[in-house]
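These numbers come from a predicted model, not from an experiment. Letters A, B, ... mirror the listed sequences (proteins, then strands); counts begin at 1.
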2 protein chains.
Amino acid sequence: MVPTLGTGRERKLGLRERKKIQTRQAIRHAAYRLFAEQGYDATPVDQIAEAAEVSPSTVFRYFPTKEDIVLTDEYDPVIEEALRARPVDEHPVESIRQVLIASLRDLVLHQDDSIVLRTRLIRDVPAIRGRMAETQAESNRVIRSVLAERTGKPADDLELRVITSALLAALHETVMYWVDTGQAGDLEALLDTTLDVLARGLTLPPRPPTDDTPAGPRP
Amino acid sequence: MVPTLGTGRERKLGLRERKKIQTRQAIRHAAYRLFAEQGYDATPVDQIAEAAEVSPSTVFRYFPTKEDIVLTDEYDPVIEEALRARPVDEHPVESIRQVLIASLRDLVLHQDDSIVLRTRLIRDVPAIRGRMAETQAESNRVIRSVLAERTGKPADDLELRVITSALLAALHETVMYWVDTGQAGDLEALLDTTLDVLARGLTLPPRPPTDDTPAGPRP
DNA sequence: GCAGAATTTGAGAGTTACTGTCATTTGACG
DNA sequence: CGTCAAATGACAGTAACTCTCAAATTCTGC
């Protein structure tokens, strides 16, 4: 099969492709609705299929596992690109900080609240939480490869592995904290705190907030 | 295989309790052997039950999920106790370092190679890897509570959560690295490297080891 | 437009990890 | 020995997948 090269963008999606995207979204929307209504475990795939008006086979064709209906994250390429755009000699923690804050603002701008739904499911459903480890491992790999490129170190270098895994775990924990506290605080400020702790070498703050600085997040 | 009965401290346990321990081990040993022989996914629980000479019901009574046959770690209480024994004002990263190195030496002393088998399964089987996240979350909670006690901070404090999750993720990554490289290097030295990276704020080493400058503290 | 190729879909049967129930067995103990 | 509680096994049932194959749908060359 020889696709016509360089004929514009993917503006001209065939009917087939469009239907696929449509089906995918139908399944996901149906699933999210049912999960919210009756819970994840209490919602069989058959029911999702029925609600999305497809056969159960089709659901599994689009999402290899039920968990994948919730956990399909397409942020990795975005993060990767943004990360590559940072100055080469910048401290990794600082680079991540900038990239995350930027994409976070983007999300807020687009009123995308699916993160909250997703994060709640990740927190509450063990199966999803487990599968989350997989996607996090993937992000890990992506970020590590960027850091490897710019430091000249091999991608399987222990120190790189440690840096990225610790970083990602800490960030994940921060979002969890945010959701745990009802998304009350300012996520940006929380991320700042987290990255500071990391940059500080996992120590507690050098001085306790005994003065009248009203900086702390108040849930 | 003839089990040696009633030796050592098991004397005080009733026959019932001893049989329970025996059954538990029989299941686990059968499972490990079959997993090694034919792979995890290719080994149904029924087969494990048969090999262990118990009914499938019994297997599920001892291990709620198939993954739990692999992932039952009873190290948490040990770690917790050892951690509490450290000086209160010690840097958390340093406390962990000491505790881990001690228990590591203990493992090597007892010729316990189940860690390697386990870690390989964790690396290679997605289902187990996923469930691993759960047990790690549990360890997370335990360690966090110890740190909370000695710092006076609430257990759900963001900074504590960040410290423990980053720490555990980094340690897990280190063991993975060790297994990836065929358990060739010295695990203690690897742990040192890792904890140094954390204490250093996730930076790369200040200067590459090109000259003969006497390095920092090397025990 | 149309025939045929390629792809997607649905239906159904099969496997496996679990869950719940209940009768039987087995160790604990006076 | 007899009784009681705990452990076990047999069985039925559910739900998440997997595989296979035929029917429906879209694409392609003419």
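As rounded to whole Å, 13 Å separates atom C1' of dC27(D) from atom NZ of K20(A). A straight line from CG of D46(A) to P of dA16(D) spans 7 Å, rounded to a whole angstrom. Between E67(B) atom CD and dA16(D) atom C1' there is a gap of 13 Å when expressed in whole angstrom units. Between the C1' atom of dT8(C) and the CD1 atom of I21(A) lies a distance of 15 Å, rounded to the nearest Å. Rounding to whole angstrom units, CZ of residue R18(A) and P of dT8(C) are separated by 15 Å. Protein atom CD of E17(B) is 14 Å distant from nucleotide atom C1' of dT26(C), rounded to whole Å. The separation between E53(B) atom CD and dT8(D) atom C1' is 15 Å, rounded to whole Å. Rounded to whole Å, atom C1' of dG9(D) lies 7 Å from atom CZ of R61(B).
Remark: K66(A) is positioned above the aromatic ring of Y40(A), its terminal NZ or CZ atom under 6.0 angstrom from the ring centre and at most 45 degrees off the axis.
You won't find any donor-acceptor pair under 3.5 Å spanning the side chain of S55(B) and the base of dA10(D), going by distance alone.
At the phosphate of dA15(D), neither OP1 nor OP2 sits under 4.0 Å from any side-chain N or O atom of K66(A). Taking 4.0 angstrom as the limit, K19(A) places a side-chain polar atom (N or O) nearer than this to OP1 or OP2 of dT26(D).
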- Message: Before you tell me yes or no, could you show the steps for M132(A) and H172(A) under side chain to side chain contact (heavy atoms under 4.5 Å, CB included), namely the whole-Å CA-CA distance, both residues' side-chain angles and the distance that decides it to 0.1 Å?
- Response: CA-CA 10 Å; M132(A) 175 67 192; H172(A) 177 249; 3.9 Å; yes

- Task: Determine, step by step, whether T65(A) and D68(A) satisfy the side-chain hydrogen bond (donor to acceptor under 3.5 Å, both in side chains) criterion, reporting the C-alpha distance in whole Å, the side-chain angles of both residues, the deciding distance to 0.1 Å, and the verdict.
- Result: CA-CA 5 Å; T65(A) 73; D68(A) 281 315; 3.0 Å; yes

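Taking for each of V54(A) and Y40(B) the nucleotide of DNA chain C with the nearest heavy atom, the 5'-most of the two is the partner of V54(A). Take the nearest nucleotide of DNA chain C for P64(B) and for L15(B): the residue whose nucleotide is more 5' is P64(B).
Residue R16(A) has its side chain nearest to dT26(D) when only dT8(D), dT9(C), dT26(D) are considered. Of the candidate nucleotides dT9(C), dC18(C), dT7(C), dC18(C) has the atom nearest to the side chain of F60(B).
Backbone-only engagement by T58(A) is indicated by non-hydrogen atom pairs under 4.0 Å involving sugar-phosphate atoms exclusively. Using a 4.0 Å heavy-atom distance criterion, Y62(B) is classed as a sugar-phosphate-only contact.
Annotation for T58(A) and I27(A): closest pair O-CD1, 4.4 Å, computed over non-hydrogen atoms.
For S139(B) and D76(B), the side-chain atoms include at least one donor-acceptor pair closer than 3.5 Å.
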